[in-house]
Amino acid sequence: MADLKERLLPPKPQSAINIREASYRPSASGRQPFQGMDLSGLKKRGQGLRSWIRVDTSGNSQLIEVDKFTMMRRCDLPARDLRLLDPLFVYPSTILGREKAIVVNLEQIRCIITADEVLLLNSLDSYVLQYVVELQRRLTSGVGEVWQSEGPELSRRRSSRGFDNVYGSTSPDYLPFEFRALEVALEAACTFLDSQAAELEIEAYPLLDELTSKISTLNLERVRRLKSRLVALTRRVQKVRDEIEQLMDDDGDMAEMYLTEKKSRMESSVYGDQSLMGLRSNDGLSASAPVSPVSSPPELRRLEKSLSIARSRHESTRSSESTTENIEELEMLLEAYFVLIDSTLNKLTSLKEYIDDTEDFINIQLDNVRNQLIQFELLLTTATFVVAIFGVVAGIFGMNFAIPMFEDPGAFKWVLMITGVSGIIIFCAFVWFFKHRRLMPL
């Protein structure tokens with residue numbers, strides 16, 4: 001990995017090294033070790049040249065400096081597609097199939113895939129370097145092991161394609177270059193999202209169990225932050241899943257992404273036109289002047305017509321067969337990673353359901369405590385009413401008027417006993433009423 005960084009990453013400017021030399025120790029080669037993206041330098045390069053990592057079909061990588069307009073002409077892309085790859089902006093995950101390129105924006109992997117090369121923005125991200133390393137390993141490890149698991153029917157159909165040999169091109173026994181680069185990008189994005197989901201699961205379940213056992217403000221705040229991260233990660237995973245599903249549902253978009261097939265058809269068409277022009281020049285006709293059907297020899301007109309009909313039949317037949325097969329190959333590729341990203345989404349959905357269940361359990365506990373407080377308040381109010389009876393009796397006997405009961409020495413004792421018994425009877429009557437109405441589980 002260190003050698004790859006030395007070979008791919010551009011050298012740091014001396015000013016940036018002087019600014020950070022107090023905090024980071026430079027390596028032996030004089031380059032600053034990888035610490036992330038240098039946004040200030042990236043903004044300056046955004047006005048002119050930008051660093052791109054180029055990986056060809058042989059697995060060779062090199063660092064190139066290309067401006068935006070040159071890249072637009074090179075890959076035949078509009079400016080809005082290149083904006084999706086700008087690391088200074090945050091765009092949702094997108095996979096776009098164009099005439100000569102595939103624009104991929106999956107998490108940290110932002111690249112342009114053509115039939116001959118992969119161009120990645122040199123964002124100084126470790127995931128970009130891992131993508132380059134994995135792509136080089138797969139391109140240089142051989143192609144025989146890629147289709148070991150394919151079915152015999154698909155192999156028979158692929159080997160039976162004889163139209164590709166008419167113009168000298170042989171049918172490959174492995175995925176085209178653009179699909180292999182797309183596969184590595186999908187694998188990197190799905191693996192990255194799955195690892196984040198696994199880390200979130202490891203952190204979430206113990207925290208939720210602790211919250212159920214001890215409801216506190218600190219635990220509630222931690223769960224709130226955890227749920228915010230879960231919602232953000234679920235949105236990203238859902239976007240990748242929807243993008244793959246949208247591609248699988250649209251056969252036209254999948255056929256548009258087969259760049260090698262379109263390139264071979266273009267080369268075959270150019271080869272046929274050159275052969276026809278050479279035949280005309282051998283017969284003494286000018287290649288630049290238009291050929292009139294009246295002045296052309298009958299043999300040449302018949303030969304030209306037969307070649308045109310044969311080429312059109314060949315292209316239509318090969319297009320119908322190869323489109324179905326290539327769509328099937330790409331659909332199988334997308335389906336594999338659709339299952340993987342759908343599994344990650346199911347993990348996050350299960351975790352969200354567990355959080356919702358925990359919140360429901362906590363709400364039930366809080367409601368139970370609230371009900372107990374209400375019951376206690378009801379008993380306390382009843383007891384206060386009974387005690388208030390003693391105050392009423394005391395207020396009556398405290399009035400300034402003379403009655404014979406005041407002269408009896410045992411009158412106070414009888415008044416106290418009668419008032420206490422009446423209060424107890426009234427309290428028991430209230431408790432029986434609450435139990436009868438099921439207001440208290442007594």
Side-chain angles (χ1 to χ4, degrees), residues 54-61 71 73-77 81 95-104 106 109 111-120 131-132 134-147 150 154-155 157-187 244 247-248 250-274 311 314-337:
R54 177 183 178 274
V55 182
D56 58 11
T57 56
S58 302
N60 301 321
S61 63
M71 185 60 65
R73 292 192 300 268
R74 179 172 183 167
C75 301
D76 195 12
L77 292 176
D81 291 346
I95 302 176
L96 300 176
R98 299 305 185 210
E99 181 65 26
K100 295 183 179 179
I102 301 174
V103 181
V104 178
L106 294 175
I109 306 301
C111 61
I112 301 174
I113 303 174
T114 65
D116 302 321
E117 59 187 3
V118 177
L119 299 168
L120 299 99
Y131 173 82
V132 173
E134 180 64 20
L135 181 59
Q136 288 179 332
R137 186 188 66 81
R138 297 195 182 187
L139 291 176
T140 57
S141 62
V143 301
E145 57 187 19
V146 178
W147 289 101
E150 70 176 0
L154 184 59
S155 300
R157 289 200 306 266
R158 183 179 290 107
S159 61
S160 63
R161 292 172 58 189
F163 288 103
D164 291 336
N165 297 326
V166 174
Y167 293 106
S169 61
T170 58
S171 174
D173 293 333
Y174 54 93
L175 282 176
F177 171 75
E178 63 270 16
F179 288 174
R180 303 177 71 181
L182 179 62
E183 180 182 11
V184 178
L186 288 171
E187 181 178 355
I244 297 177
L247 283 176
M248 293 174 60
D250 196 335
D251 295 344
D253 288 347
M254 287 192 292
E256 189 73 18
M257 296 173 64
Y258 202 86
L259 306 178
T260 303
E261 182 72 18
K262 291 191 292 186
K263 181 181 177 181
S264 62
R265 291 176 189 172
M266 186 180 298
E267 292 177 353
S268 300
S269 177
V270 171
Y271 176 78
D273 294 339
Q274 290 178 353
R311 185 167 66 249
H314 158 67
E315 290 180 355
S316 61
T317 306
R318 185 179 61 177
S319 175
S320 60
E321 291 186 358
S322 62
T323 300
T324 304
E325 179 180 342
N326 294 333
I327 288 176
E328 182 179 357
E329 293 176 355
L330 181 57
E331 189 174 7
M332 291 170 58
L333 173 65
L334 294 176
E335 185 178 359
Y337 290 98

Checklist entry - Could you walk me through whether Glu335 and Ile244 pass the side chain to side chain contact (heavy atoms under 4.5 Å, CB included) check? => result CA-CA 8 Å; Glu335 185 178 359; Ile244 297 177; over 6 Å; no
Please round to the nearest 0.5 Å and tell me the distance separating atom [atom1] of [X] and atom [atom2] of [Y].
{"X": "Ile102", "Y": "Ile95", "atom1": "CD1", "atom2": "CD1", "result": "8.5 Å"}
{"X": "Glu187", "Y": "Leu182", "atom1": "CD", "atom2": "CG", "result": "11.5 Å"}
{"X": "Gln136", "Y": "Asn60", "atom1": "CD", "atom2": "CG", "result": "7.5 Å"}
{"X": "Cys111", "Y": "Leu106", "atom1": "SG", "atom2": "CG", "result": "8.0 Å"}
{"X": "Asp116", "Y": "Phe177", "atom1": "CG", "atom2": "CZ", "result": "8.0 Å"}
{"X": "Leu135", "Y": "Leu120", "atom1": "CG", "atom2": "CG", "result": "8.0 Å"}

Checklist entry - Which heavy atom of Thr140 sits nearest a heavy atom of Ser58, and at what distance? => result CG2-O, 3.5 Å
Checklist entry - Which heavy atom in Cys75 sits nearest to a heavy atom in Thr114, and how many Å separate them? => result SG-CG2, 4.2 Å
Checklist entry - Is the shortest side-chain N to carboxylate O distance from Arg180 to Glu183 below 4.0 Å? => result no
Next on the checklist: If the threshold is 4.0 Å, N to carboxylate O, is there a salt bridge linking Asp81 and Arg98?
Outcome noted: yes
Quick one: are [X] and [Y] in side-chain contact, heavy atoms under 4.5 Å?
{"X": "Val132", "Y": "Glu134", "answer": "no"}
{"X": "Thr57", "Y": "Leu139", "answer": "no"}
{"X": "Leu186", "Y": "Leu334", "answer": "yes"}
{"X": "Val118", "Y": "Arg54", "answer": "no"}

Item to check | Derivation of the side chain to side chain contact (heavy atoms under 4.5 Å, CB included) call for Leu330 and Tyr258 | outcome: CA-CA 9 Å; Leu330 181 57; Tyr258 202 86; over 6 Å; no
Next on the checklist: side chain to side chain contact (heavy atoms under 4.5 Å, CB included) for Glu329 and Met332? Distances and angles first, verdict last.
Outcome noted: CA-CA 5 Å; Glu329 293 176 355; Met332 291 170 58; 5.6 Å; no
Next on the checklist: Could you walk me through whether Lys100 and Arg74 satisfy the side chain to side chain contact (heavy atoms under 4.5 Å, CB included) test, starting with their C-alpha distance in whole Å, then the side-chain angles of each, then the deciding distance to 0.1 Å, before giving a yes or no?
Outcome noted: CA-CA 9 Å; Lys100 295 183 179 179; Arg74 179 172 183 167; over 6 Å; no
Item to check | Qualifying residues under side-chain contact (heavy atoms from CB on, under 4.5 Å), relative to Asp253, sequence neighbours excluded | outcome: Leu247, Asp250
Item to check | Those residues that, when tested against Thr260, pass side-chain hydrogen bond (donor to acceptor under 3.5 Å, both in side chains) (two or more places apart) | outcome: Glu178
